[in-house]
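Note that the structure is a prediction, hence the values are computed from the model and not measured.
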Amino acid sequence: MQYTINVRGRLLDLSKPMVMGILNATPDSFYSGSRKQTEAEIADRANQIIAEGGRIIDVGAFSTRPGADEVSLEEETERLKRALAIVRREQPDAIVSVDTYRPLVARRCVEEFGADIINDVSEGGITGIVGKEIHEEGDMFETVAQLGVPYILMSVQPTLAKMMQNFAAEVQRLRDLGAKDIILDPGYGFGKTLEQNYKIMSEAERLLALELPVLVGVSRKSMIYRLVGGDPTTALNGTTVLHTVSLQKGASILRVHDVKEAFETIRIVQQLG
């Protein structure tokens with residue numbers, strides 16, 4: 001897909017797929033290998049993402065996995081303030097997204113802490129932690145439009161038909177508010193059964209009809225190891241398989257734990273033409 005987004009005045013060309021590396025400044029992310037809490041760990045991870053071919057560093061401080069503990073707005077903000085400062089020190093030219101569903105946190109991260117993109121797993125406020133309704137101050141769509149930053153809109157819908165119906169309405173509302181750069185995420189693992197996850201992926205090329213870039217986040221998720229066995233630590237092979245399928249169906253961004261492997265997958269799939 002020929003698509004360019006404006007990141008604080010820099011044009012990011014998404015016509016060639018790219019990798020977003022995950023940096024979890026949290027003690028309870030579902031994949032233990034991604035938890036980075038000390039200054040050195042955060043710095044090393046930021047540098048690793050860029051060195052291995054990542055273009056975007058996605059910083060989160062609040063696990064949204066099923067059963068995750070609630071984190072207060074104040075705690076999430078402090079974790080992100082600290083982590084983003086370290087990332088910006090280590091990689092001042094990197095594109096940085098912030099993984100949050102709280103409008104107030106998103107605003108501070110963009111206005112004060114140097115985040116470039118908002119990555120929202122709540123579909124604009126429908127759900128936060130998997131399966132839990134949220135009640136946050138502010139409206140994420142209005143916040144995104146006011147800030148003028150790219151926005152990743154993730155679906156929590158169980159079917160592709162419902163997802164596309166909601167996306168169409170949500171994108172229109174965002175456009176009406178003045179938001180310009182929107183990226184769609186089908187939300188694998190959020191509000192979907194195992195079978196629904198795979199059904200959506202089997203038809204994912206249909207999302208391209210909305211004429212917006214698509215981000216895929218399947219890295220080491222339970223839809224892999226619940227099907228083939230194991231756990232997040234053994235799910236890299238399945239992750240690569242799903243990345244390959246997603247790229248063939250038009251994905252523009254892969255959000256991953258394993259940057260080198262995802263970058264190599266993109267190069268190989270591109271070579272096929």
Honestly curious: do [X] and [Y] fall in one hydrophobic cluster under the side-chain, below-4.5 Å linking rule?
{"X": "Ile268", "Y": "Val19", "answer": "no"}
{"X": "Leu254", "Y": "Val269", "answer": "yes"}
{"X": "Leu236", "Y": "Ile49", "answer": "no"}
{"X": "Leu194", "Y": "Val241", "answer": "no"}
{"X": "Ile224", "Y": "Leu227", "answer": "yes"}

Residues [X] and [Y]: side-chain donor-acceptor under 3.5 angstrom:
{"X": "Arg45", "Y": "Gln48", "value": "yes"}
{"X": "Asp58", "Y": "Ser97", "value": "yes"}
{"X": "Glu76", "Y": "Thr100", "value": "yes"}
{"X": "His257", "Y": "Ser219", "value": "yes"}
{"X": "Gln157", "Y": "Glu123", "value": "yes"}

[atom1]/[X] to [atom2]/[Y] distance, rounded to the nearest 0.5 angstrom?
{"X": "Arg220", "Y": "Thr233", "atom1": "CZ", "atom2": "OG1", "value": "7.0 Å"}
{"X": "Arg107", "Y": "Leu147", "atom1": "CZ", "atom2": "CG", "value": "5.0 Å"}
{"X": "Gln91", "Y": "Asn47", "atom1": "CD", "atom2": "CG", "value": "5.0 Å"}
{"X": "Thr77", "Y": "Glu112", "atom1": "OG1", "atom2": "CD", "value": "9.0 Å"}
{"X": "Ile22", "Y": "Met20", "atom1": "CD1", "atom2": "CE", "value": "9.0 Å"}
{"X": "Ile152", "Y": "Leu184", "atom1": "CD1", "atom2": "CG", "value": "10.5 Å"}

Test side chain to side chain donor-acceptor pair (under 3.5 Å) applied to [X] - qualifying residues, sequence neighbours left out:
{"X": "Asp44", "answer": "none"}
{"X": "Glu75", "answer": "Arg79"}
{"X": "Asp181", "answer": "none"}
{"X": "Arg88", "answer": "Asp116"}

Considering only heavy atoms from C-beta outward, does the side chain of [X] approach that of [Y] to under 4.5 Å?
{"X": "Met201", "Y": "Ser246", "answer": "yes"}
{"X": "Ile117", "Y": "Val96", "answer": "no"}
{"X": "Ser15", "Y": "Tyr3", "answer": "no"}
{"X": "Leu153", "Y": "Ile183", "answer": "no"}
{"X": "Met18", "Y": "Ile56", "answer": "yes"}

Any donor-acceptor pair under 3.5 Å linking the side chain of [X] with the backbone of [Y]?
{"X": "Asn24", "Y": "Thr26", "answer": "no"}
{"X": "Tyr198", "Y": "Met223", "answer": "yes"}
{"X": "Lys221", "Y": "Tyr188", "answer": "yes"}
{"X": "Glu41", "Y": "Thr38", "answer": "yes"}
{"X": "Arg8", "Y": "Ala115", "answer": "yes"}
{"X": "Gln165", "Y": "Lys162", "answer": "no"}
{"X": "Thr234", "Y": "Gly230", "answer": "no"}
{"X": "Asn6", "Y": "Gly9", "answer": "yes"}

What I want to find out is whether Arg55 reaches Asp13 closely enough, with some N-O distance under 4.0 Å, to be called a salt bridge.
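No, this pair does not count.
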Using a strict 4.0 Å threshold on nitrogen-to-oxygen distance, state whether Asp185 and Arg255 make a salt bridge.
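The answer is no: the pair does not qualify as a salt bridge.
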Please lay out, stage by stage, how Met140 and Arg102 fare under the test side chain to side chain contact (heavy atoms under 4.5 Å, CB included).
CA-CA 7 Å; Met140 185 62 89; Arg102 287 172 162 150; 5.8 Å; no
Shortest non-hydrogen contact from [X] to [Y]?
{"X": "Cys109", "Y": "Val98", "answer": "SG-CG2, 3.7 Å"}
{"X": "Lys192", "Y": "Ser155", "answer": "NZ-O, 3.2 Å"}
{"X": "Val87", "Y": "Ala46", "answer": "CG2-CB, 4.1 Å"}
{"X": "Ala262", "Y": "Val256", "answer": "CB-CG1, 3.7 Å"}
{"X": "Pro92", "Y": "Arg89", "answer": "CD-O, 3.9 Å"}
{"X": "Pro158", "Y": "Gly191", "answer": "CB-O, 3.6 Å"}

More than 12 heavy atoms of other residues, nucleotides or ligands under 6.0 Å from CG of Asn237: yes or no?
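Atom CG in Asn237 is not crowded, with 12 or fewer foreign heavy atoms closer than 6.0 Å.
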With Phe141 via ring pair (Phe, Tyr, Trp, His ring centres under 6.0 Å) - residues at least two apart
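With neighbours one apart ignored, the set is Tyr151.
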Please test Asp99 against Val121 for side chain to side chain contact (heavy atoms under 4.5 Å, CB included), starting from the C-alpha separation and ending with a verdict.
CA-CA 8 Å; Asp99 181 357; Val121 301; 3.7 Å; yes
Show your working on salt bridge (Lys or Arg N to Asp or Glu O under 4.0 Å) between Lys260 and Glu264 and close with a plain yes or no.
CA-CA 6 Å; Lys260 177 177 180 291; Glu264 291 174 353; 2.8 Å; yes
Could you walk me through whether Leu14 and Thr4 pass side chain to side chain contact (heavy atoms under 4.5 Å, CB included), step by step?
CA-CA 6 Å; Leu14 295 179; Thr4 301; over 6 Å; no
Might you work through the side chain to side chain contact (heavy atoms under 4.5 Å, CB included) test for Val7 and Ile5, ending with a clear yes or no?
CA-CA 6 Å; Val7 183; Ile5 62 173; 4.0 Å; yes
Expected list for residues 202-217: side-chain donor-acceptor pairs under 3.5 angstrom, two or more places apart:
unit_1, atom_1, unit_2, atom_2, d
Ser202, OG, Lys199, O, 2.6
Glu203, OE1, Arg206, NH1, 3.4
Glu203, OE2, Lys199, NZ, 3.1
Glu205, OE1, Lys249, NZ, 2.8

